[in-house]
Amino acid sequence: MNTSLNYAYYPGCSSTGTSIEYDMSSRAVCAALDIKLTDVPDWSCCGSTPAHTVDHSLSSALSARNLDQVASMGLDSCITPCPSCLANLKTAKHRMEDEGFRDKVNNLLDKPANTKIETKSVLQILVEDYGIENIRKKVVKPLTGLVVGAYYGCILNRPAELMQFDDREHPMAMDNIMEALGATVVPFPLKVECCGASFGIPRKDVVMRLSGKLLDTAKSIGAMALVTACPLCQMNLDMRQDQINHANGSHHKIPIFYFTQLLGLALGLTEKELGMNKLCVSPRTLLDFMVNEENIKEKAA
Amino acid sequence: MDPVKYLKSADLMSWLEELARENKVFAPRYEGDAVIFAPFDPKQEISIKHAATMPPKKTVFPQSEKLVDFTYSKDPENLSRILIEAKEILPKGTTVVFGSRPCDVRGFTMFDRVYLAEKTTDVYYKARRENTSFITLACEKPETTCFCHWVDSSPSDASGSDVLATPIEDGYVLEPFSEKGQKLLTSSLLENGERWILEVKDVHENAAGFLANAPDLSQAPQKLLDVFDNMEFWENAAAKCLSCGACTYLCPSCYCFNITDETTGMKGTRFRSWDNCMSAQFTMEASGHNPRPTKAHRLKNRVGHKFSYYPAIHDGVISCCGCGRCIKSCPVGIDIREIVQEAINHEPAIGKE
Amino acid sequence: MPVLTGKELRIVGFLCNWCSYGGADTAGIGRFNQPTDLRIIKVPCSGRIDPLFVVKALMNGADGVLVSGCHPRDCHYAEGNFYARRRLEIMHNFLPIIGYEPERFEYTWVSASEGQRWQQVVTSFTEQIHKLGPAPKILGPEASDTLSLMQAAL
Amino acid sequence: MKVININLSYNSDFVTQVEEESGQKLNNCYQCGKCTAGCPYTEEYDISVSQIMRLTQAGQKEQVLQANSLWLCATCESCTARCPNQIDVARIMDVLRHMARKEGYVGTGRVKTFWDSFLSSVKNNGRVFEVGLLVNYISHTGRFWTDIGLGPKVLPKGKIHFKPTEMQGKKEVAKIFMRFKEESAR
Amino acid sequence: MKVGVFVCHCGSNIEATVDTAAVAAAAREFPGVVFATDTMYTCSEPGQDEIVNAIKEHNLGGIVVASCTPRMHEQTFRRTVERAGLNKYLFEMANIREHVSWIGKDREANTNKSVDLVRMATEKLLRNRPLYSKKFDINKRVLVIGGGVAGIQAALDCADGGLEVVMVEKTSTIGGKMAKLDKTFPTVDCSSCILGPRMVDVAQHPNITLYAYSEIEEINGYVGNFEIKVKKKATYVNWDSCTGCGICMEKCPSKKATDYFNEGIGKTTAINIPFPQAIPKKAKIDPDFCTKLTKGKCGVCAKVCPSGCIDYEMQDEFVTEKVGAIVTATGYDLFDWSVYGEYGAGRYPDVITGLQYERMLSASGPTGGHIKRPSDGKEPKNIVFIQCVGSRDKSVGRPYCTGFCCMYTAKQAILTKDHLPDSQSYVFYMDIRAVGKLYDEFTRRAMEEYDTKYIRGRVSMIYPKGEKLLVRGADTLMGSQVEVDADLVVLAVGAEASAGASELAEKLRISYDSYGFYMEGHPKLKPVETNTAGVYLAGACQGPKDIPSSVAQGSAAAAKVLGLFSKDQLESDPQVSIVDIKRCIGCGKCIQTCPFGAIKEMEFRGMVKADVIETICQGCGICTSTCPQGAIQLQHSTDNQILSEVNALCQF
Amino acid sequence: MGNPRSESNKGDQVKFQEELKDNIRKALPELDVVIGWCGSFDPLHATPHFMRREEDIDKLEISPLSVHNLATYLPGLRGKKVGIVVKGCDSRSVVELLQENLINREDITIFGFPCTGVVDQSKIKKALGGHTGNIEFCDMSESVIVIKSEDKAYTLPMAEMLADKCSSCRYPDAVISDYFAGEKIGNKGEEDADYAAVETFENLSVPERFGYWLKEFDRCIRCYACRNACPLCVCRDHCAAESRDPHWLSQENNVRDKLMFQVIHAYHLAGRCTECGECQRACPVDIPVLMFKQKMNKEIRDTFQYEAGVDPEATPPLLSFKMKEENITEKVW
């Protein structure tokens, strides 16, 4: 096992607000696994979807500023928990390899952009650099009894040529992690379907329909909970679950975890460290159930 | 002859520059680690302290020269009818070579007997020979490989030269040996040199004094003929020969050439280039037969030609000027002096069946 | 012999008969537009190509030389391109010592079916040569003839 | 229905511009419809994505840039991921959006306003300030009831801050936006 | 040499972008050229006559034709000059069509380039020498590789024509893909009823030797005299005594073996005969599943076999066959559709291939001809057919159209209705390719009479929804997304070159395209020849083909072989290497590098020299580029000839 | 020629020199000739020495002047029983000739000795101010060379006068021999060859490199001593340089053809050259022709991990191939 994993860490804007528990649990899990994270100094917003819908050079310039901050750390790569940030940072690097485009971006910047910085997701480094088998060894509190579906969202591994991670139609990274943590993983057929993304505010109806379908499907396959790796997905499914129920006449009460939260739990971290209390759909009953199941199992043993 | 002139060492470059105004001037200079006669360039240092690596043979007998440019043209009415227009390329302009050594220039006298012969004058050679003047430097001290005195010459031999320059303290005494030479000595940089004539003589005698006694080569022509059929003798002599052309191409008195045509499209050129009797292609016949099939045969020819066959038809003059370059530059140190002497001393085996 | 001044550079192509010459034909049949600089010399096999042909072409004034044969394992003569690959690779890497950019000479594999690949190879190789500009030409018998011209060019 | 004269209405500049800015070749599209088949937003679209592709290929600029669909694409990449001709459809949608924005076509105002609010938040703070973004959006749309129901749910979770987080380089970020505005004005 | 130059207009093919008259005018200035003209169609009869007349009138010694590629007409013009009394190697071609006029529109540049190409050809021609062929004996036996319908046709035609045929088939029965089909389109007649008798003919033909369950190990030699090493893979059953009674199959306790013949629908026994009509009808053991071979336990088959032919110790065996020609009929394989994640990548049991469906439809298949969902064995009601899976799809590296899927899908839709009258079939298609006699009528019938719903659009996703599969596609004609709740999804999976095709091509020394399909000699004029003399193609190994085309090609290949063997001797290509004995120093580098063993040492006046065996030399010229002193020269591509072309192009 | 023969070459070398002479004495009766070195026209030069009779052996001298690679003579003596005295580097040429079947092992008797290096005449010439035409005396020890020339005495450090190939020599002992006189120094074939000079040269700009060679080859007289001194130029009388069929080169004195010849030479030696340096040493006008071959060898080493003249059973890399070449990365278009 690589004992000295060391990364620059780009938290992304939502880490300070709506996805604070993702940030907390990511940091906690990495600390527990001896993975050293150093925050990218004075990072700024990557521009997210709105920027690239306005202009590609603007979007890349916003990312480029951050990539340059990474370079100033003397590093050539960074990681981020957020797929949207990931997509932006990766796209910027990739597109800036084209000279003409780079010139356009440089026109917007104080100093020429760095085109060497690679970005990976927290999920990717856990799977590829740290390794599932090593995670399995670290499990102290298996997620016994938990039946969970893994929902990846649309841009974590698409487009495949750019993201270079996992299968574009049937990603397995989180499934495998959950399996390693002792949970029962049910194949989630709509792993890469869109949840409605950032349309929650301007076109809530769209999110209600798309995220509603995801929750319906989760229920139909018997998942007690879903795990996600994306702040937007999590927000749509968790924070808006009541709105969805209301709009669609459904009665879901499905906890939506960040995979890092469940991972932390299995590693023996406290619920508080992992921000379990920040979830809108309370996982309380489920968490208690798991503890109970584990006790039964131990007794049986 | 006009009076002898004196040139201050300090004025040498200026004088050469003067000469270069009306002539193409060649002087020896370093190219890499070799001293080569190259077009005079006032910005580049000349090197005249010792004999050059290569003699100035190229100046009169270029390594390769265009003899004729020819063009084919077709009769537009009948494309099978081809007209050939040939243009002889005769060298133009005058050349002055400075810094040659007596042996270097004496070599041309071997050429002269062949190429300037009345019935078979070589126009290309003649033109160059006549347009080229040699300001030869007398040698102050011969080298280990020098043997000009074996072949009826000396470190101050002026034969073939137009001016003989003898280095004395701070300058050169310049003696003209031809009309061309006299014409070269008209510069205002030169002063009368009569008063140094005795010192010149000293330099010459002193140089000759360094040379050990020369063996008598009068027997050489006959002795070499005697060993003509003794292939064992020649195989021994040629054993270490590599058959390269270093000896012949550096030899001031080797004058063999080859003629080839190179054609591209409807144009072509006839070249004459140096040939080398040590090469397997030399005297190769069109049939593929070669009367001199081995390097022993070829070395025999080289030594024989210089010390026996040439003297036989040119009043006993040995076609070697004793510069020693073939010894010094031979990659395997073949010493022509040894071979000639061994031939002279060779006792036919007695009682052999 | 005239190269269309300003438009073309002199590019020589050595193509094996079975694959690449056919690939160039396929490109023609498909009407895949290509720059006009390249002239093709057909040889039976890339293994027939003495790398010295490449040097000869460059020294005689070519600005670029392209060799193309069958893909490895696809040689009509079983082994020709395997030999070619070694020999051409070595010559390619040798060229810089003489003072030619190695990019002036490339070798590649194009099969008879790969018309589009051929178009791409020709187009990008021609671009590559135009980027480098004309190769140094050795003029006249004496080095000084060329050297003074090179000096003037700098 | 409108009859389209194909040669007269073909806007070749439009086609060229889309191809250049997206780096995609429109003629590669053979209208199999797989993009539409996989698009989660087809239900909301006025013109399906494969038809957008067809109209773009056919140089029907007006019709394309007027499409509401452009503003409803969430860049989920389903179309790009599955296109048999490896066309980056999502990128073309992006480019069409840029063009629509520049030329003043604003289909679904709410989406654009939301995006604008988002960017102005970044411009002012260097990072997204979620409350500020919401306030800005509401003030531009007058949709006061937007997510008001979420307040009581989220507020106690400590997820909402009423002040933006401070960062030093926010001027640098603002400059990027400024220069972008200048560049676009050219 | 007096040279004549003919610059062809090729109608407007060349003339449109090349000033042929100017090229001819320029050629008049070239050395040796005494006659040059431009002609409309040089390859036409008047065009060729013009060459013949010019040779006679101007006493020409060599001809340059600037026209199309030599692959097209070099042979034509060589015959022309031969007709005029010249040696046919005193001829050169400049390719100003494929390499000039068709790839650029700049008339000035094209004309200039054409002049260059003619100059090069002329310079080379001036160094050409007359070359003369040698005759050699041929072995009039033919090897057919592959026992599918194309191979069977080729073998039977050759055998009926009196040739001895050796057939090598890699599986344990001949019949190929066709043997797996239930019915054939557009006649909907029984596949095995047509093919079966032909298979029996192969087994019984006195002229045919069949090696089933065998592979080509090595191919040496050249046209007329190939030597083939065949690997007979171990079957663990002595086929000389096996009667095909099938008792072993009945008793074999290991019943979980992959059933390759049934495309994995169902399982078979470890010792098996693939299907009742197999030819040869012999049992073989699948060593991966036989417990006797994997664990050393069992031995039931040996006990029950009435003729005692089980041999667990059997090893692969090699036999050598000598033949004069080879017909390659290795067919195709199905594209590995599991790359389509959006279709489940094989995760969903009720998403199957068309060929699996075919086995399901077949009365002799694993379901006895009943259509059942593999997941639960239930009869499906809604069946979705998806076309172009692994066809016309650049993203999976298969941009070509397989060509026959449209037809078999229509056939399967029709058969589905026959089997399950209450069912409803849906076909997602992009275009319907129904080019052939009665083909379009057939697909129309599927729609008109069998009420198959054709939906114009591709499917983007299949995912399980309860017991059903949700198929989400597009109907581009409606412009909308559509969904079907399907019970069974059948993928019309496209064809790709059969596994191992490229390795075999390397042994055969023939070329293949980037997909692994074999290259024909000329796309129009030599559809069954290859560029290697004596090797012919039949069937889908050259590209996907339906049954009639495969059969036609099988017959065509046979006709080519019969034509080749109509002479007793063949002429060798004289473009071979020759040693200049004077220059050869006997270092043997040429011997070391010759891939054909065509150079041997010989003694000449006590010295070692190289010597070329003309009939073995294939004319590659590796020796010439290896010989440092240029003593061995490939005739017609000598150093001087190539240098003259270089010099014609580059003169400082 | 009556020049004072030096009393040189004493010290350690004498011991194995006598042992070597004994070896030769033992073997000579079975041999037609044994090739070694002896003194030459001045004390600073040696020359190849063909020993046919017992008394010839006395003249044998091994010293840092024994520069010539005598393997050059072997192919020409094919059919005869030949003994040859070899330095480490020379022995690699013998290996190469054996590998290419240009000589028969059973006809060759190899006499090896521990070589401590040979001098580079041009370095000495430079040290002596550019003139070695009047050498009167020369004496050598392991560490210094003492020379008297034109009444001046010079003491030159041996290490600085050694040929470049010697200062980085990895094969001081013959890699193949029948007799070995003296104590082996130890070969270090596993170490990498030193191509620093080539690498430095390659750092020059493209026109600088091109111009350099034009200038250097301008003085070439096409004597082909480089070729003829090369032990692996086995075409000899049939060299492509002077042939009309194939007609690679014209006989015109132009720098293009001179340069082209050097490329031909280097390419024909690719994977065969052992860098004995005889080409460069033989050049009468001191053109640095070895660098082309070194560059070729560097590429051969980097691409095929092959070094010529080590294994008589090996095949030169350009006469063989692998289906998959680990070190060849083809251009991607």
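Here is how names work: the chains are called A, B, and so on, in the same order as the sequence lines, proteins then strands, and each is numbered from 1. Here the structure is a predicted model, which is why all the values come from computation and not from measurement.
- In terms of heavy-atom pairs under 4.5 Å with chain F, the best-connected choice from B/G324, B/C146, B/S243 is B/S243.
- For a residue to count as touching a neighbouring chain, one of its non-hydrogen atoms must lie under 4.5 Å from one of that chain's; by this rule F/F50 touches chain B with the side chain only.
- Remark: the F/R222 side chain and the B/N276 side chain contain no N/O donor-acceptor pair separated by less than 3.5 Å.
- Both the backbone and the side chain of F/E150 come within contact range of chain B, judged by heavy atoms closer than 4.5 Å.
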Q) How far apart are the C-alpha atoms of B/T260 and F/R244, what are their side-chain angles, what is the distance that settles it, and do they pass the side-chain contact (heavy atoms from CB on, under 4.5 Å) test? A) CA-CA 10 Å; B/T260 46; F/R244 298 283 290 191; 3.9 Å; yes

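- The OG1 atom of B/T144 sits 5.0 Å away from atom CG of F/N134, with the distance rounded to the nearest 0.5 Å.
- No other option in B/S279, B/C244, B/A212 has as many heavy-atom pairs under 4.5 Å with chain F as B/C244.
- B/T53 touches chain F through its side chain: at least one heavy atom from C-beta onward sits under 4.5 Å away, while N, CA, C and O do not.
- When heavy atoms are compared at a cutoff of 4.5 Å, B/I327 approaches chain F by way of both its backbone and its side chain.
- Only the side chain of B/K295 comes within contact range of chain F, with at least one heavy atom under 4.5 Å from a heavy atom of that chain.
- Taken from CE in B/M284 to CG in F/D237, the straight-line distance is 7.0 Å, to the nearest 0.5 Å.
- With a 4.5 Å cut-off on non-hydrogen atoms, B/P62 does not touch chain F at all.
- Heavy-atom distances place the side chain of B/Y30, and not its backbone, under 4.5 Å from chain F.
- Residues B/E338 and F/F41 form no side-chain contact, since every pair of their non-hydrogen atoms from C-beta on lies 4.5 Å or further apart.
- Annotation: side chain of B/F271 is not in contact with side chain of F/Q251 (no heavy-atom distance under 4.5 Å).
- Within the 4.5 Å cutoff, the side chain of F/H45 has no heavy atoms near those of the B/K328 side chain.
- Only the backbone of F/C220 comes within less than 4.5 Å of a heavy atom in chain B; its side chain stays farther off.
- From B/S273, atom OG reaches atom CG of F/N254 across 11.0 Å, with rounding to the nearest 0.5 Å.
- B/D261 contributes atom CG, which lies 11.5 Å from atom OG of F/S250 (distance to the nearest 0.5 angstrom).
- To the nearest 0.5 Å, atom CG of residue B/D335 and atom OG1 of residue F/T47 are 9.0 Å apart.
- No donor-acceptor pair under 3.5 Å is formed between the side chain of F/D286 and the backbone N or O of B/G32.
- The environment of F/K148 atom NZ is sparse: at most 12 non-hydrogen atoms of other residues, nucleotides or ligands sit within 6.0 angstrom.
- Proximity to chain F involves both the backbone and the side chain of B/Q63, based on heavy atoms less than 4.5 angstrom apart.
- Using a 4.0 Å cut-off between charged nitrogen and carboxylate oxygen, B/E31 and F/K215 count as a salt-bridge pair.
- When the shell of 6.0 Å around CD of B/E45 is examined, it contains 12 or fewer heavy atoms from other residues, nucleotides or ligands.
- Looking at F/K126, F/K125, F/R219, F/K123 one by one, the single match for salt bridge (Lys or Arg N to Asp or Glu O under 4.0 Å) with B/D33 turns out to be F/K126.
- The local environment of CZ in F/R236 is crowded, with over 12 non-hydrogen atoms from other residues, nucleotides or ligands closer than 6.0 Å.
- Inspection of the F/H247 and B/E262 side chains reveals an N or O donor paired with an N or O acceptor under 3.5 Å.
- Counting heavy atoms of neighbouring residues, nucleotides and ligands inside a 6.0 Å radius, atom CG of B/N345 exceeds 12 of them.
- Here the closest non-hydrogen pair linking B/L250 and F/P284 is CD1-CB, 3.7 Å.
- Using a 4.5 Å heavy-atom threshold, the side chains of B/V332 and F/Y73 count as touching.
- Taken from NZ in B/K58 to CG in F/N253, the straight-line distance is 5.5 Å, to the nearest 0.5 Å.
- The candidate from B/A246, B/A239, B/S329, B/G333 with the greatest count of non-hydrogen atom pairs under 4.5 Å with chain F is B/A239.
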